[in-house]
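A quick write-up on the structure given underneath.
Everything quoted here is computed from the prediction, not taken from an experiment. As a basis for the values below, the full set of heavy atoms in this structure was taken, side chains included, without hydrogen atoms, waters or symmetry mates. Ligands are counted one by one from 1 in listed order, and the atoms in each one are counted from 1 as well.
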Amino acid sequence: MRRVGIDAPSRSYEVLVGDGILKSAGELIPQGDEESIMVLTDRRVRAHWWDVAKQALSARGRRLALLEVNPGEGSKSFTSAANLLRRMARRSIRRHDLLVTLGGGVITDLGGFVASVYQRGIPLIHIPTSLVAQVDAAIGGKTAVNLPQGKNLAGTFYQPASVIADTSTLSTLPQREYVSGLAEVIKYGLTLDPNLLTLIADVEAVRNRDAGFLEEVVSGCAQLKGRIVSQDERDTSSRAVLNYGHTFGHALEAHGGYERWLHGEAISVGMVFAAELSRELGLASEDVVAEHRRIFQMHGLPVSAPFDPGEIVKRWNMDKKNLRGQRWVLLSDLGEWKLVGDVGGAQIQAALRRMAAA
Ligand code: GLY
C-alpha cells in the first residue's frame with residue numbers, strides 16, 4: 001500500500017492506495033468519536049462492494065447505515081442531496097458522525113456536498129471505486145451537484161479526512177468507464193508529468209488492470225493533484241491545469257445531453273482541441289498535437305466528435321469558470337502548460353475547423 005499526503009491549506013490527509021485495502025477500511029480510517037457511520041453508494045457499486053465495505057466498517061463497532069441512490073449523473077442533483085439530508089436528519093445523525101462515500105465521481109461529489117452542508121460539516125471519508133474518482137474526483141475537496149443550467153454549478157470546497165483507493169475495486173468497472181478514466185491519467189501526463197505517459201504506454205498492463213501498475217498510476221496522479229491542491233486549494237490560479245481540455249469537454253458533454261459521451265471521452269476530444277488551439281497560437285508544435293492524437297487512440301479514446309461549433313461555443317460561455325472571460329490551459333510542450341486569456345475568435349474558429357477536418 002502507498003500513502004500519499006495531501007497538504008491542502010484547510011486540511012492535511014492521506015490518500016491510501018493499494019490492492020484489496022477496502023477490507024481493512026475499518027482500521028485505515030483515522031480514529032474518530034462517531035456513533036454512526038453512513039455509507040453512500042449506488043445500486044451498481046453496492047452489488048459488488050457493499051458486503052466487503054460492511055464487514056470492514058463493522059470492525060469499528062458503530063451503527064452502520066446504507067444510503068443508496070440510483071447509478072448515474074441524474075443522482076447528482078439538489079433533489080438527491082435534499083433527500084439524503086432529510087434521511088440523515090431522520091436518523092438523528094450528529095456532527096461527529098461519519099459519512100463514507102463508496103462509488104465513482106457522482107457519489108464522491110454528491111456525498112462530499114452533503115457532508116459539507118449537513119450541520120455545517122461532518123467528517124467525510126472517500127472510498128472511490130472508479131478510475132476517474134481514484135485519480136481525480138475524490139482528491140482535493142471539490143464537491144458538487146448539477147443544475148439544469150449546467151454541470152457542477154453548485155458545490156463547496158470540503159476536504160475529506162482520508163481517501164481509501166482500493167485498486168481491486170476497478171476490476172468490476174465496465175470497460176468503457178475504465179477507459180474513460182484513463183483520459184484523466186493522460187491529462188496529468190500531458191500537463192504535469194510526461195513519465196505517466198510512458199507508464200501507461202504499457203498497453204498490456206492497462207488492459208489487464210494489473211495491480212502493481214494501477215497502484216503506481218493512481219498514487220502518481222494523487223501526488224500530482226496533491227501538489228496542485230496544496231498551492232491553490234480554491235481554484236483561483238494553478239488548479240486550472242486540472243481542467244485541461246475540460247472547457248471543450250464539458251461543452252461536448254452538455255451538447256450530448258450527458259448521455260452520449262462519458263466525461264473522459266469528452267475531455268479527450270477537449271484535450272485535442274486545446275492542443276490544436278496551442279498550435280494555432282504558435283505555442284505548441286504539430287508534433288505535440290500529433291502526440292495527443294496518438295496517445296488517445298492507443299487507448300481507444302476519441303480524438304474527434306461530431307459537433308455544432310456554435311452550440312459548443314454557447315455552452316462553454318455558460319461554464320462557471322468563464323464568467324469573467326475565457327482562460328485557456330494550453331501547452332507549449334508535453335508537461336509544460338500555461339494559462340492564456342484573450343484568445344482571438346479567429347484562432348478559436350481555426351482550431352474548431354481543424355477538429356472538424358480531423
Ligand atoms: N477536477 C478538477 C479539480 O479538482 O480541480
task: Any atoms of ligand 1 less than 4.0 Å from a non-hydrogen atom of Lys225? List them with their elements.
output: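 By the 4.0 Å cutoff, the relevant atoms are 1 (N), 3 (C), 4 (O).
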
field: From Asp19, Val217, Leu131, Ile21, residue fulfilling side-chain contact (heavy atoms from CB on, under 4.5 Å) relative to Thr167
entry: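 Of all the options given, the one that passes is Asp19.
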
query: Would you call Asp136 a ligand 1 contact, heavy-atom distance under 4.0 Å?
result: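 Yes, Asp136 has heavy atoms under 4.0 Å from ligand 1.
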
field: Residues Lys142, Asp235: salt bridge by 4.0 Å N-O rule
entry: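 Asp235 and Lys142: salt-bridged.
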
query: Would you say ligand 1 has an N or O under 3.5 Å from any N or O of Lys142?
result: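 Checking ligand 1 against Lys142, an N or O pair does fall under 3.5 Å apart.
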
query: When the ring planes of Phe307 and Phe248 are compared, do they come out parallel, tilted or perpendicular, using 30° and 60° as the limits?
result: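 Ring orientation of Phe307 relative to Phe248: perpendicular.
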
message: Looking only at protein heavy atoms, which one is nearest to atom 5 (O) of ligand 1, and what is the separation?
response: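 Closest protein heavy atom to atom 5 (O) of ligand 1: Arg239 NE, 2.7 Å.
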
- prompt: With respect to atom 2 (C) of ligand 1, which of Asp235, Val132, Leu242 exhibits the smallest heavy-atom separation?
  reply: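 The residue whose heavy atom sits nearest atom 2 (C) of ligand 1 is Leu242.
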
- prompt: Does any non-hydrogen side-chain atom of Val135 lie less than 4.5 Å from one of Lys225?
  reply: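 With C-beta onward as the side chain, the pair stays apart.
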
query: At their closest point, which heavy atom of His126 faces which heavy atom of Thr108, and how far apart are they?
result: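 That would be CE1-O, 3.4 Å.
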
